[in-house]
There are 2 protein chains.
Amino acid sequence: MTKFETKSVNRKSDIISAAIEVFAETGYFRATTAQVAERAKISQPYIFRFFSTKEALLLTALEVSWTRVIDSFRKVVESASPEQLETELIQAYVVILESYRNEVLLQMQAQTIQEESIREAMRGGFGEVRHMVLDAFRSAGIPNAEERTMLFLARGMLCNISAALAMPELMGI
Amino acid sequence: MTKFETKSVNRKSDIISAAIEVFAETGYFRATTAQVAERAKISQPYIFRFFSTKEALLLTALEVSWTRVIDSFRKVVESASPEQLETELIQAYVVILESYRNEVLLQMQAQTIQEESIREAMRGGFGEVRHMVLDAFRSAGIPNAEERTMLFLARGMLCNISAALAMPELMGI
DNA sequence: GAGTTGACTAATTGATGAATCACTAACCTG
DNA sequence: CAGGTTAGTGATTCATCAATTAGTCAACTC
């Protein structure tokens with residue numbers, strides 16, 4: 001592990017973190033690569049050493065944000081008792097909403113981008129979460145697992161909006 | 001009603017309709033006023049006779065889209081029987097999702113725009129819908145009206161995502 | 001310690017966009 | 001029909017952005 005490699009890896013994740021912040025705050029299309037670079041404390045062209053296009057950076061940022069949710073839920077699924085499963089999943093999501101608000105805001109933005117590569121990434125992330133929750137509900141012997149999964153996801157999406165618009169009256173958790 | 005006034009009104013609503021389409025398809029920040037003008041079959045500068053800024057046009061487009069939902073729900077609330085209330089509200093929303101997809105996509109975009117004027121418009125629209133549904137559920141004697149309203153809204157938001165990402169497996173209606 | 005490699009940036013490019021300006025043509029009114 | 005008003009546009013402005021190029025400098029290699 002040379003000094004170079006270490007820096008390089010850090011730079012890449014610096015850029016991703018900066019991109020998540022700037023994209024979430026400003027909006028992906030309005031945000032500029034110069035703003036991302038400034039936040040990451042590098043020069044603007046240097047972003048393109050790690051990401052061939054701005055869109056490639058967005059896709060990586062989305063992957064990070066979905067991994068956050070999926071890993072968090074997986075831990076709950078692997079450890080929670082059947083009775084506590086749904087409660088703990090909800091708690092895990094609340095933690096994400098509070099600690100990684102920008103990642104959620106970025107996912108919400110990406111939901112409306114009509115670009116096939118991005119829609120694919122979003123379908124992938126959403127589908128994986130749904131599948132994991134559904135399997136977990138079934139394994140826990142929860143009746144109407146299909147319906148309960150849908151309601152769980154639906155409440156999550158309403159929480160997103162509640163957080164994004166600062167409407168606490170919608171946060172029914 | 002002179003010929004002038006009539007034309008002028010038509011132009012304005014032409015522009016709004018075009019803006020809803022173009023903003024929804026392309027994304028508000030990426031979409032250009034030239035694209036909106038082309039869709040409305042007018043010149044680009046002429047947009048600014050009716051809307052002082054691009055953002056003013058967005059706000060008007062959002063108002064139109066919220067009016068669509070609110071008027072539609074009001075009709076249901078004023079006519080439906082207590083037993084059929086929720087079912088008919090859901091049906092009304094499905095119609096909107098199918099017939100005015102672009103307006104819904106625009107609302108979804110606006111949910112993530114961190115600009116106070118836009119957040120205010122979104123809070124206003126969302127709040128009015130919530131209030132109307134909650135009152136109607138209470139008037140209909142539905143138990144746990146608060147909770148049922150939340151679930152109704154939550155399912156609606158999941159339907160939006162299902163439609164936006166083309167994930168029919170999420171459409172649980 | 002000459003030469004190579006890797007980290008990083010300044011300067012530039014070629015497009016593009018919101019908004020303004022200056023204008024024409026049609027219409028309407030007295 | 002003269003003077004004023006409305007509908008509408010071409011051309012321009014000034015700013016901005018993603019991406020490229022060409023390069024600097026420090027560190028490692030042998």
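Below, chains carry the letters A, B, ... as their sequence lines are ordered, and counting in each starts from 1. Note that this is a predicted model, so its numbers are computed, not measured.
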Measure the distance from [atom1] on [X] to [atom2] on [N] and round it to the nearest whole Å.
X      : N       : atom1 : atom2 : answer
E38(B) : dG17(C) : CD    : P     : 11 Å
F48(A) : dT13(C) : CZ    : P     : 18 Å
R30(A) : dG17(C) : CZ    : P     : 17 Å
F51(B) : dG17(C) : CZ    : P     : 20 Å
L58(A) : dC17(D) : CG    : P     : 17 Å
N10(A) : dG6(C)  : CG    : P     : 18 Å
Q35(A) : dT16(D) : CD    : P     : 11 Å
Q44(A) : dA19(D) : CD    : P     : 9 Å

- Rounded to the nearest 0.5 Å, what's the gap from CE on M157(A) to CG on N160(A)? Could you check?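 Reported to 0.5 Å precision, the distance equals 4.5 Å.
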- Task: Give a yes or no on this: more than 12 heavy atoms of other residues, nucleotides or ligands lie within 6.0 Å of atom CD of E38(B).
- Result: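 No, not enclosed.
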- Does atom CD of E63(B) have more than 12 heavy-atom neighbours, drawn from other residues, nucleotides or ligands, at distances under 6.0 Å?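 No, not enclosed.
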- Message: Under 4.0 Å, counting only non-hydrogen atoms across every strand here, what does I42(A) touch: a base, just sugar-phosphate, or nothing?
- Response: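 Sugar-phosphate, backbone atoms only, no base.
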- Task: Looking at every strand, decide which applies to A37(A) at a 4.0 Å heavy-atom threshold: base, sugar-phosphate, or nothing.
- Result: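 If one applies the 4.0 Å heavy-atom cut-off, A37(A) turns out to touch nothing in the nucleic acid.
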- Is E116(B) paired with R123(B) through a side-chain N to carboxylate O contact shorter than 4.0 Å?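 A salt bridge links R123(B) with E116(B).
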- DNA chain D: 5'-proximal contact among T33(A) and R49(B) (nearest heavy atom):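 The residue whose closest nucleotide sits nearer the 5' end is R49(B).
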- Look at the side-chain N and O atoms of Y46(A) and state whether any lies under 4.0 Å from the OP1 or OP2 oxygen of dT9(C).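 Checking Y46(A) against dT9(C): no side-chain N or O falls below 4.0 Å of OP1 or OP2.
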- Phosphate OP1/OP2 of dC8(C): any R11(A) side-chain N/O under 4.0 Å: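 R11(A) to dC8(C) OP1/OP2: side-chain N or O found under 4.0 Å.
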- Item | Of the listed nucleotides dA18(C), dT9(D), dC17(D), the one nearest the side chain of T32(A) |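 Nearest nucleotide to the side chain: dC17(D).
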- Geometric cation-pi criterion, K54(A) with F48(A): 6.0 Å, 45°: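 No - K54(A) does not lie over the ring of F48(A) by the 6.0 Å and 45° rule.
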